[in-house]
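Below, chains carry the letters A, B, ... as their sequence lines are ordered, and counting in each starts from 1.
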Amino acid sequence: MDVLFKKGVSSVKSPVKIIIFKTTSPQQVYPNRMMFVVPKKIFKRANKRNLLKRRMREAFRLNKQLFYERINEREIKCISALIYTGNQLSDYSEIEKAVVYLLSNVVNKIK
RNA sequence: AACGCAGGUAGAACUACCGCUGUAAGGAAACUUAUAGAGGAAAGUCCGGGCAACGUAGGGAAAUCCGCCUUGUGAAAACGAGGGUGCAUCAGCCAACAGUUGAUGUAACAGAAAGUGCCACAGAAACCAGGUAGCCACGGUAAAAACUUAGUUUUUAUUUUGGUGAUAGUGAAAAUGUGGGGUAAGAGCCCACAAGUAUUGUUAGUGAUAACAGUAUUUGGAAAACCUCGGAUGUUGAAAAGCCAAAUAAGUUGCGGUAAUUAAGUUUCCCGCUUAUUACCGAAAGGUAACCGCAAUGGGUAGGCUGAAUAGAUAAAUGGUAGUUUAUAUUCUUUCGCUUGCGAGAGAAAGAAACAGAACCCGGCUUAUAUACCUGUAUUAAAA
RNA sequence: GGUCCCGUAGUUCAACUGGAUAGAAUGUCAGAUUCCGGUUCUGACGGUUGGGGGUUCGAAUCCCUUCGGGAUCA
């Protein structure tokens with residue numbers, strides 16, 4: 001996880017940020033491992049953090065097919081993190097737009 | 001009726017598709033099927049338990065919590081009902097105050113008359129009253145006046161000693177208040193009335209307590225300062241605790257065993273050194289003081305399961321989208337009634353948005369809460 | 001999950017076991033000094049003592065409640 005945040009490639013589309021890193025670990029079977037983060041400093045209440053994490057997870061779940069195709073094209077395996085950086089609660093539709101944009105564009109940035 | 005405040009109750013339902021966590025069954029596996037899946041506060045952690053380890057003859061100290069009475073629930077903390085007492089507000093009686101009656105609200109409601117300490121500034125004094133000024137008495141000194149011619153008496157000033165707690169107006173608070181007697185001056189010193197406290201008795205009441213009578217007494221505030229009294233609690237908390245796995249090495253020190261040492265000298269002991277001796281190695285010269293066990297030190301290991309639950313176990317699931325219905329704010333259309341801009345009915349549109357997310361489990365307390373309903377109440381408006 | 005501690009001018013700290021206008025340094029502003037600026041000197045401003053309630057004659061201090069921040073455990 002430390003490696004991800006130090007060496008990973010990041011991309012921002014408000015209110016979500018993505019960090020991705022190409023891994024060479026042989027233990028990983030799946031094409032990608034995703035982590036969802038909502039900072040406690042901005043959202044003090046646990047129910048709001050839960051709500052945002054659920055929305056981000058749902059958006060990723062419905063749109064991950066496209067993301068996996070692009071990864072498989074390049075024949076690599078990744079670990080990545082979705083971080084919520086906004087200050088306010090956003091609707092599901094806003095989050096979904098941001099997540100789709102990031103998933104489609106971030107793969108090209110990997111070296 | 002509107003709106004505000006306080007308290008209480010509830011804290012929408014259903015369908016489809018795609019998913020999430022646990023459990024069970026099936027399957028080689030991928031996975032499939034069935035079933036269960038957040039709250040009134042899950043929150044704060046302010047209390048009390050269960051449970052676990054350690055401790056425990058009995059008693060005490062310390063520490064923490066509780067504190068009017070009766071009664072109900074409870075394992076206990078605590079909560080409910082009724083009552084008592086104090087305080088506050090409002091109303092009635094009264095010209096007014098005081099007092100009393102009623103209603104409502106409220107109380108960390110045992111003890112300040114066991115003890116220690118505190119009460120700034122101001123004030124004589126903030127609690128054994130009495131240093132100061134004042135007042136009063138006897139005496140001394142000085143001056144003046146009167147009578148009488150030698151002193152006496154009176155007044156004033158000053159002062160020693162004694163008495164006094166009326167006067168001192170400061171403070172949040174000043175030693176119970178008023179009146180009279182009494183006295184050199186005064187004082188609960190005495191008396192009357194009133195107020196308070198303690199205590200005894202009688203009556204009423206289960207009791208807190210109340211009423212009456214007697215006796216004693218006048219003793220500020222604060223216990224949310226320490227503390228005293230009565231009651232309860234052994235201490236520490238699931239990072240407790242149990243089991244499995246892994247690890248507990250080398251070195252150093254001490255004690256003991258075996259043939260693997262012993263003795264003397266060096267100022268008493270230890271270390272070290274010297275000499276002799278014992279054992280082992282070596283052809284000799286010479287070299288070495290082993291090895292094993294226990295304890296300490298030293299460092300090393302530090303993962304999993306149980307605890308654990310018919311929601312659930314290790315970053316933690318309980319969701320997303322679409323639609324329907326309902327409570328309901330709002331808007332529009334329309335019918336009826338008349339008070340002519342309100343009320344009642346019908347239809348359409350829109351339509352769940354509060355506080356908030358279990359982590360060992362229960363019981364209380366506290367705090368946060370859109371909207372609806374219920375109870376109480378302040379204000380405003382209308383009618384009688 | 002448990003236990004404990006701390007919140008005071010813009011900033012860093014005081015205020016003794018409750019006693020008065022909450023103080024000091026620094027910062028800010030104004031004035032003086034200087035040709036101008038700095039330094040220096042003088043003065044002023046700046047506080048709901050985190051919020052709310054209670055005890056008390058009196059609360060930054062004691063008690064209750066709440067908000068925020070921090071430490072610690074094997």
Quick one: look up who A91(B) pairs with, Watson-Crick or G-U, both distances under 3.5 Å, and put none if it's unpaired. U101(B)
Spacing between Glu58(A) atom CD and C18(B) atom P, to the nearest angstrom: 13 Å
Nucleotide by nucleotide, 5' to 3', does protein get under 4.0 Å of the base (B), only the sugar-phosphate (S), or neither (-) in nucleotides 354-359 of chain B, counting heavy atoms? --BB--
Taking a pair as Watson-Crick or G-U wobble with both distances under 3.5 Å, which nucleotide is matched to C5(B)? G376(B)
Under 3.5 Å for both donor-acceptor distances, Watson-Crick or wobble: does G293(B) have a partner, and if so which one? C255(B)
May I have the distance from Glu96(A) (atom CD) to G319(B) (atom P), rounded to whole angstrom? 18 Å
Met56(A) CE to A317(B) P: how many Å, rounded? 13 Å
Assigned partner base of U183(B), Watson-Crick or wobble definition, under 3.5 Å: none
Go ahead and name the base partner of A120(B); Watson-Crick or wobble counts if both distances stay under 3.5 Å, otherwise write none. none
Output the distance between atom CZ (Phe60(A)) and atom CD1 (Ile18(A)), rounded to the nearest 0.5 Å. 8.0 Å
For G319(B), the nucleotide meeting Watson-Crick or G-U wobble distances (both under 3.5 Å) is C18(B)
Report the distance from atom CZ of Arg55(A) to atom P of C20(B), rounded to the nearest whole Å. 20 Å
Rounded to the nearest 0.5 Å, the CG atom of Leu102(A) sits from the CD1 atom of Ile19(A) at a distance of 11.5 Å
Base-pairing mate for A22(C) - Watson-Crick or G-U, with both contacts under 3.5 Å: none
